[in-house]
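A quick write-up on the structure given underneath.
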Protein chains: 2
Amino acid sequence: MGQGAGRREPTMREVAALAKVSTKTVSRVINGLPGAGTEVTDRVRAAARTLGYRPDLTASSLRRSDRRSATIGVLFEDLSNPFDSALLRAVEDRARHSGVLVLAGSSEDDRALQRELLVSLSARRVDGVVVMAAGGHQDALHQERERGTPMVLVDRPPTFGGTDCVTTTNRDSSRDAVLRLAALGHRDIGFLGDRRTLWTSQERYTGYLEGLAQAGLTLREELVRTDLHGDAPAEAAARTLLGLARPPTALFTAQNLVTVGAMRALRARGEHRRVALIGFDDFRLADLLEPGITVVRQDVPGIGRKAAELVLARIDGDTSPPVHAVVPATLVRRGSGEIPPPTG
Amino acid sequence: MGQGAGRREPTMREVAALAKVSTKTVSRVINGLPGAGTEVTDRVRAAARTLGYRPDLTASSLRRSDRRSATIGVLFEDLSNPFDSALLRAVEDRARHSGVLVLAGSSEDDRALQRELLVSLSARRVDGVVVMAAGGHQDALHQERERGTPMVLVDRPPTFGGTDCVTTTNRDSSRDAVLRLAALGHRDIGFLGDRRTLWTSQERYTGYLEGLAQAGLTLREELVRTDLHGDAPAEAAARTLLGLARPPTALFTAQNLVTVGAMRALRARGEHRRVALIGFDDFRLADLLEPGITVVRQDVPGIGRKAAELVLARIDGDTSPPVHAVVPATLVRRGSGEIPPPTG
DNA sequence: GTGAAAGCGCTAACAA
DNA sequence: TTGTTAGCGCTTTCAC
C-alpha cells in the first residue's frame, strides 16, 4: 500500500453524476438544506457513500458568503507550558462545541515569531484568534485587529483599544497573599518576580506593594528581585535574599517557575519549614511537597472558556463594546503560606 | 472601532488593477516565481503594500496542482496533559520549520470523538496527521489511512499495516527498571499500571515480567494492579498493596499519574523513605520531592520531532517502507529507586 | 516577460 | 423540487 500523498478525493460533481442530479442538489443534501425530495436525497446519500465522498470545507468556505473557515488561531507563548496547554485545552473544548477547530502555535514570547505566525494564520483565513501577547510593543497584534480580525487577548491585556481580553485577579490576589503573610506576623516579606516587561509581573508586584502598604509595612527594596526568567535565576536570587543579614521571613513568588526556584533555594538551605512561601500559579504536586506549597490558583479552564466564548461571539457578529473579563483566582492553603515568623 | 467579522481582504485582482498588470503577474511576484521584470515587480509590491494585500492560502491551495494546505492535524488524547503538550510542541516546531501549521485536537481516548475530529480535519484538507490512537479498534484510523492520508502514530503503534509510528522503549526500559530494583536486593516488587487496553501498559507490564524472570524472581500476582486510571485509583491500589501481610518492598509504577498516586499512598503511610519506587514517565518537580523520584524518562521532544519528520516526508512523496521508530528512554536516578530492601 | 482563458470544488442567485 | 449560470481567489495552461 502506498505511503504517498494518496489518491484524489471524490468531488461533489462525481457524486452528482452518479446520483444523476445537479451538483446544487448534492450540495443541498450534504448541507442538510431544505428543498430536496426524499427519493433524491436517498440517491445522493447512496452515491456519496459509494464514492466515499467527503465535503471540502476550504472550497465551500471560499464560495460561501460568510467565508467562515470554522477555524480559529491560538497563539500562546509555549504550548508545552502547563498553563498554556491547559488554556489551549479549554479553548479547544469550547470551540469544538461550536464546530470550530484550533490552529495552534507557540510564539516563544518573540514578537517577530508572533508576527510571522499571525501572518500564517491569516493566510489560512482563520475566523479569529486568541492570543497571549508577546512582551513589548503589540503593533503586530494591533494591526491585525485593525484589519478586522476578531481577537481576544488572554493573560495580558492589549495596549490598544477595541479588543476583548481575559485576565485573572493578578493584583488583588497578590495583595491578599501578602496581607495573609503579614497577618501571620511577617514583617520582612521578599518578592521574586519574572520579567518586568510582562504585564502580569507588574500587576503582581503592584499587588505586593499594596499589600505591604495596607499592612503598614515599609518596602525593603533589597528584598525585591525581578526579571527572573526560569527557575535557575530565581533560585540564585532566593539564595541571595536568604543570605542577607536581615533575611526575609516570608517570600511571595510571582510566577510558577520562580516559585520552583525559591523552593530549591529554601531546600538547599534547609529552611523550607522555617520561611513562609506563597506562589502565584498552581502546579502539579504542590501538595506532595513538604510542606505543601500555598499558591494563588488561576481558574485556567474558566479563562480559556471565556476567551473562546468571546472570540466566537465576535465572529458571530457581536458588536457590543469590548470586554475585559477578569476571572477570579483563589488562594489554596497547603502549609508553606501558613508558616509564622520565628518568635523573638 | 468595529468588533465584528471585519472588512473584506483585498484580492489579487485588486492588486493587479492598481499595479496595472494581470493577476498572473501578481501571482508570480507574490510567490517569488521567475519571469517578472524588476520594474513590474516593484509596482506590484507597492500596490500590494498599499492595499495591505495578504495571499489567501486556501484559495491558492484549491487551485494548485499539489493541493497542499501546509497544515497537518495533530490528534492526541489530551492536549493539557504534560506528555501530550510536550509532544505537540515538538511536532509544532518541526512543522513550522517547513512552513506547516498544526490543527490540534484532543480525542479524550474516545473513538467516536477521534473519528469525528478526523472528519473535521479531512474537511479542512490537512496534508497529513499525527495521531495518538485511542484505545480499542483503530478502524477509523485505518480507513483514513486507506484513503491515502499520510499518517504517523505516536506512543502506540497501529494495529494495521502500511503506517509509520514512533514509540519509546517501553518494554526494555521497564525491564531494566525492575532489574535495577532486583539488583538492590528487592524480591517483592509490585506493579501498578493503568488501563490494560493501552498498548504502552501492556508493553510495560511485559517488561516487568521479563525483569522478574531475568532476575530469577517469581511473580506474585497479588502485587500486580492494573486498570488504574488517574492518581486516585492508583493511590487506593498502592495502599492495598502496602497493607498486605507481605507487602512489596519496591514498586514499579507504569505511568505518570499512577506514580503520583503511589507517592501519595507511600507518604500517607510514612513509608516513602522505606519503599523503593521507580516510575515510568518523568514529571516536573520529581527532583524536589523527598526522596527524589527515580523515573524512566522518555525523549518526548525526540519522539515529536521524529513523528513530524516522518509525516512531512510522506507528504513530500516519500514512498519507502513504513517505519516503526523507537526512541530510547533513559533511567533518571533521583533516590526513590535506590532505596534498598529492609535488612533481615 | 506578460497576459487571457479556463477551472480547482463549491455555493449564491436566479430560473424553470 | 430541481437545475443553470456565474464566480469565490487563486494558479494552470498556453498564447503572445
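Throughout, protein chains are lettered first and strands after them, A, B, ... in sequence-line order, and every chain is numbered starting at 1. Predicted model, so just to flag it, every value in this text is computed and none were measured.
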Counting just side-chain N and O atoms, does [X] come under 4.0 Å of either OP1 or OP2 of [N]?
X: A/Ser60; N: C/dG9; value: no
X: A/Ser27; N: C/dC10; value: no
X: A/Thr23; N: C/dC10; value: no
X: A/Ser22; N: D/dG3; value: yes
X: A/Thr25; N: D/dG3; value: yes
X: B/Arg13; N: D/dG7; value: no

Check: C/dG9 base within 3.5 Å donor-acceptor of B/Arg63 side chain |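 By the distance-only test, no, there is no pair.
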Apply the test salt bridge (Lys or Arg N to Asp or Glu O under 4.0 Å) to residues B/Arg115 and B/Glu144: give CA-CA distance (whole Å), side-chain angles for both, the deciding distance (0.1 Å), then the verdict.
-> CA-CA 9 Å; B/Arg115 163 172 252 136; B/Glu144 186 66 39; over 6 Å; no
Lys/Arg N to Asp/Glu carboxylate O, B/Arg156 vs B/Asp109, below 4.0 Å = yes
NA contact type, A/Gly35, heavy-atom cut-off 4.0 Å: base, sugar-phosphate, or nothing?
-> base
Quick one: pull up CZ in A/Arg94 and CZ in A/Arg305 and give me the separation to the nearest 0.5 Å.
->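 If I round to the nearest 0.5 Å, the distance is 9.5 Å.
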Would B/Arg124 and B/Ser69 count as having a side-chain donor-acceptor pair, cut-off 3.5 Å?
-> no
